[in-house]
Each structure stands twice: as structure tokens, then as C-alpha cells.
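Shown next, in C-alpha cells, is the structure this report addresses.
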Amino acid sequence: MSDTVRTRIAPSPTGDPHVGTAYVALFNYALAKKHGGQFILRIEDTDRTRSNTASEEMIFEALRWLGLEWDEGPDVGGPSGPYRQSERSEIYTEHAERLVATGDAYPCFCTRERLTELRAHQRENKLALGYDGHCRSIAPEEAAARRSAGEDHVIRLAMPDEGETTVIDLLRGEIRIDNAQVDDQVLVKSDGFPTYHLANVVDDHLMGITHVIRAEEWISSLPKHVRLYEAFGWDLPVFCHLPLLRNADKSKISKRKNPVSLNHFRRAGFLPEALLNYLALMGWTMPDEREEFTRDEFIDQLTLERISLGGPVFDLDKLTWLNGKYMRDLEPQEILERLKTLWLSDEYLLKVLPLAHERIETLQDFFEYAAFFFTGDVDYDDAARKKLLAKGRTGPQTAKLLRQLLEDFIDPLLQWTAESIEDALRRFCEKYEVTAKEIFMPVRIAVTGRAATPPLFDTMAVLGKEVCRSRMRRAIEVLRTIK
RNA sequence: GACCCUAUCGUCUAGUCCGGUCAGGACACCGGCCUUUCACGCCGGCAACACGGGUUCGAAUCCCGUUGGGGUCACCA
């Protein structure tokens, strides 16, 4: 096993499946395949308040849609399971206790209030932020006694406060960081669950991961991870930090500024093989600079060393162009098959049909009446623009309302049904003290482009979350320009 | 703010390790050709080595500094 390449993607199931997950997964997948090794899917659901199974399901589906099939994972099993961190609690507890026993970690009884005050004080006096090691000096016997008495506590990593840690990143080479500025990271939370740092290191080791390929945002916590490997006496894997995908303004890619949900790309009709190809182009090039290539060609040619480090801007235009090339290469029959999986399935048509049924007089009317169920973004003509405004409010004011509705009530929805949508809209009305009458028409126009539609919630349910969100974003942009 | 990462056309990038081509390709944009139209396709154009110092006959490439961009600084991952 030691000479087999084993890689993993370790997403956290806390929302819609992210394009960044697919990006990192692709490189992990390809490296494992290139060397005849294994690609593992591990679900990092140690944040009990945010993790949920609906998100986990979506990750499975999205990764499979892209063809990034895993060799071991929660749903397929494997020799190093379980692959869901919430099912591995005893393992983390046991490992954390090992560190406490050797003095590499210690119990900390500080309250959240104390930590908040500490942080405020540090901020005020422009000191370095971080835990001050308050509980580190508690004698082990005393700490043990307090723990068994049931006192609330966490387990912290005892980071050396002198010297420096040298870590090696495959792409960047040596990175040196003073230990003094590395915090005593919490390893086990007061609820008994591990934090990312502990769980990740323990699992990567136990699962025999040889190459840790993940996003650049993890570089700063590398010293903590290295310290953990050392404390456990384990060999280090190869670390390779991929550049972060960016918005057009170079900030870390985010859903405010870009479509980031893999569900969006699927619903918008991008071909998985084209998306994958495009993702491979982010920071990487074929030796011959060819831009169109298959997943297997990518696997064949991949060398991590060819990855460039400037954060690549995710460019929808170029993705769309590439997707077009793939489309043109498909036979009409194949296009038909793909259309059938999206808009021309009996399943989808039978959802749309009942909504149009009573409102049409000839069969042909269906296509006119239900057009917005099949198009991408919708246009807002002058009449629509007028009704896009909430009563008594300006364009920008309505835009702000819609944005709050979208970000605080629509985006977080895990269940997308007429009931859950209605509930979200009504909760929104209550919180912002707007009436249903005021806001429902703007929402209706936003998601359909029309004032006359089937019932709003049913319509939105059938359109799907991604289509609604994309059209609402568009409407918000339009509203900002209306006085 | 501290620390870390990073820097070639608007965007994705080749070239950088082993200094020496008009700094190459792609998207977007602009022109033209093809075509009943549009699209595709083809041809052409616009467009970059962040800045300042060195080293050198010669620097995108090596060294130093500056600046810009990004990330991290949670009992989230």
C-alpha cells in the first residue's frame, strides 16, 4: 500500500455542491488514476450544526455527474472506512487522548466569554490574535480531575512557541513559519467532535493518503498539521496546494459574483465533460497547449508540477465557448439524449404540464405559455420592469429586498418544494415587514419574466432552485439600474 | 494589522529551472472571407513581461527592494 498513490476529496456537506470541490476533486482523481491508485471520497461532517444529509447526497450526485467516481467512500465502502467523519468519533477521541498523554495537547477550560474578551483585548492593543495558552500551565493531574468532574472543555494542540516549522509544498517548495505565530489550535470541540485539523490529519494517515491535494487556503494551517503528524510519529504525505478559483475581481470565487453550484451548471445545460475540461485548464496546460481534451487524456498527461500558481479567474465566456465545441462534436442523437435528461423527460414535462393545463386552449399554446420553463435567463420588457418594482419602492430598494430574500431565505433552502419556498417567502415578509402582495409580484416577474403565470410557489418548485436563483440575480442587476 | 502565498495581453496561459526568437496560443473584442440569414468554420487585427535598482555584451527569465492582488488569523471546513 505504501507505494500506491491514494488521494482524496474531503468535502463538507453544508450546502450546494461547489465548483471548487469539483476542481480539487479533478486533480486528486486524475493523479490517483494516473498511478493506478485510489481516489477516496470522505465526508467531513464534524460541524454538527451545519452538516446535513441532503448536501451529502448532492455531493455524490454532482461528482458522479462529472464522472469523478470514487473507489472508496461512504456509499461504496472500502477497507479504510467508515468514510463519514461523524461515524469515526471514537477514533478521534482516542487519538486526541494520545496527544494529551504525551503532552502534545492539553485540555482547555476557557469559556467562550474569556476568549472573546481576550480577542477584543488583543485587537485593541494591536497584538497578534490567538489563544494565550492560559490553560497550558494547568497540571495534568488537575486537568484530568476537572475533566472527570464533567467540566466543559476543549482539547488544544500544544504548539511549540519557539523555533520555526518548515513545510514543503510540492508546487511552492519550502515554506517557513515561526511557531510563535501559530495558535494552539482546538483539536476537539466541547461537543466532543474533532475540528478539521485533527480529523483531517488522523483520517489522511489512517486512510493511507499519499498526496494531500487541496486548496491554497489551507497553507496557513499547514504547520499545525505538520506538528500533528510529528506528534503522532507519522510520515508526512506530499502536500500540494492548488490555486484558488477567483471571481472577475480576483477575490476567492463566491456565489455572490459567480455561479458556483455544480447543480447550476448541470441545470444550465453544460456538459459535464466540458466543465471538467474547463476546470483542468484552470492553472494547468497540456504540454502541447491543446485546450480541448478528454478526462483520460488529462490523466495521461498530468504532472502536478505543470500547475501555475496565479489564482485563475473563472471565466464563464470561455467555459461556454468550450461547451459549444463539445456540443458541435456530438451527434444529434446524443444531444437528444442529453435534452431528455433535462427538459424533455416525461418527468419534467409532467411537472410543467399540470401548471399550464387549465391556462391553454390549444396544444400549441403550451409552448408559448410554458416557454420560461425551458429557457435560461428571462428578459424583462418595459411592462415587466414596471411590475418588477415592489409597490412604493425604487429599483435599488427592491433590488436590496430581493437580495436579502435570495441570500438569507432562498439560498439556505435544502428542500426545494412549493411548501418550503412559500414558507421561506413568508418568513422573509415577516422579518422585513413587507406584505406578500408587495413582494410576490416582483419575485414572479424575476423568475418568469411575466406577470401572468401559474401559482408562484409551484412554478418556482418546478423551475428549480438554480434557475430561480440565477434569474433573481439577474433581476437584481436590472433593478439596480431602474430609478 | 500580522503572517503566508502570488505577479506575462481585459481573461486562461506558453516561455522562467539551463539568460540571447518580431514574447507564442486560446477566450473576449474588432475587421474580412464563406453564406439567402444567423451560427459554425477560415483569415487577419488589437492587446502583456507590475515598478525600481542591480548582475550581464544581452534579463520576462538570475539577485535585491517596492508595489499590487489573494489567503489565513473560529469550539467552520
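Chain identifiers are assigned alphabetically (A, B, ...) following the order of the sequence lines, protein sequences preceding nucleic acid strands; residue numbering begins at 1 within each chain.
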Are F193(A) and Y92(A) an aromatic pair, judged by ring center distance below 6.0 Å?
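No, the ring of Y92(A) stays outside the 6.0 Å limit from the ring of F193(A), centre to centre.
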Whether the N323(A) and Y278(A) side chains hold a donor-acceptor pair (N or O, under 3.5 Å, no angle test) is what I'd like checked.
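There is no such pair (donor and acceptor under 3.5 Å, judged by atom type) between the side chains of N323(A) and Y278(A).
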State which of [options] makes the closest approach to the side chain of [X].
| X | options | answer |
| --- | --- | --- |
| D317(A) | rC76(B), rC27(B), rC75(B) | rC27(B) |
| R306(A) | rA14(B), rC75(B), rC5(B) | rA14(B) |
| E289(A) | rU13(B), rC75(B), rC3(B) | rU13(B) |

Test R480(A) against R403(A) for side-chain contact (heavy atoms from CB on, under 4.5 Å), laying out the working first.
CA-CA 11 Å; R480(A) 284 189 175 133; R403(A) 190 169 61 74; 3.6 Å; yes
Might you list the N or O atoms of the protein lying below 3.5 Å from N or O atoms in nucleotides 68-73 of chain B, with each pair's distance?
| residue | atom | partner | partner atom | Å |
| --- | --- | --- | --- | --- |
| rG70(B) | O4' | R246(A) | NH1 | 3.4 |
| rG70(B) | O2' | R246(A) | NH2 | 3.4 |
| rG71(B) | OP1 | K252(A) | N | 3.2 |
| rU72(B) | OP1 | K252(A) | NZ | 3.2 |
| rU72(B) | O4' | S220(A) | OG | 3.2 |
| rU72(B) | O2' | S220(A) | OG | 3.1 |

Suppose you measure atom [atom1] in [N] against the same atom in [M]; what distance do you get, rounded to whole Å?
| N | M | atom1 | answer |
| --- | --- | --- | --- |
| rC64(B) | rG69(B) | P | 23 Å |
| rG71(B) | rC29(B) | C1' | 32 Å |
| rG10(B) | rC73(B) | P | 33 Å |
| rC43(B) | rA50(B) | P | 30 Å |
| rG45(B) | rA23(B) | P | 15 Å |
| rA7(B) | rC17(B) | P | 14 Å |
| rU67(B) | rG52(B) | P | 15 Å |
| rG19(B) | rC57(B) | C1' | 12 Å |

Side-chain N or O of T195(A) closer than 4.0 Å to phosphate OP1/OP2 of rC76(B):
no
Below 4.0 angstrom from OP1 or OP2 of rG41(B), is there any side-chain N or O of R328(A)?
yes
Using only atom types and a distance under 3.5 Å, with no angle test, would you say the side chain of R123(A) pairs donor to acceptor with the backbone of L129(A)?
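No, because the side chain of R123(A) does not come within donor-acceptor range (under 3.5 Å) of the backbone of L129(A).
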Under 3.5 Å on both distances, the Watson-Crick or G-U partner of rG41(B):
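For rG41(B), the partner nucleotide comes out as rC33(B), under the 3.5 Å rule.
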For the student: nearest non-hydrogen atoms of R338(A) and P272(A), plus distance:
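Scanning both residues, the minimum pair turns out to be NH1-CD, 3.9 Å.
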Between rA28(B) (C1') and W321(A) (CH2): distance, integer Å
12 Å
Cationic tip of R156(A) within the cone over Y131(A)'s six-membered ring, i.e. under 6.0 Å and within 45° of the normal?
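Verdict for Y131(A): a cation-pi partner in R156(A).
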Applying salt bridge (charged side-chain N to carboxylate O under 4.0 Å, His left out) to D203(A) and R8(A), what does each step give before you reach the verdict?
CA-CA 10 Å; D203(A) 285 347; R8(A) 48 62 168 181; over 6 Å; no
Test for a donor-acceptor pair under 3.5 Å between the base of rA28(B) and the side chain of K318(A), counting only N and O atoms.
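A donor-acceptor contact between them is absent.
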Applying a 4.0 Å non-hydrogen cut-off, can you work out what [X] is touching in the nucleic acid: base, sugar-phosphate, or nothing?
| X | result |
| --- | --- |
| R172(A) | sugar-phosphate |
| E291(A) | base |
| G283(A) | sugar-phosphate |
| V154(A) | base |
| S308(A) | sugar-phosphate |

Give a yes or no on whether a salt bridge exists between R114(A) and D132(A), defined as a side-chain N under 4.0 angstrom from a carboxylate O.
yes
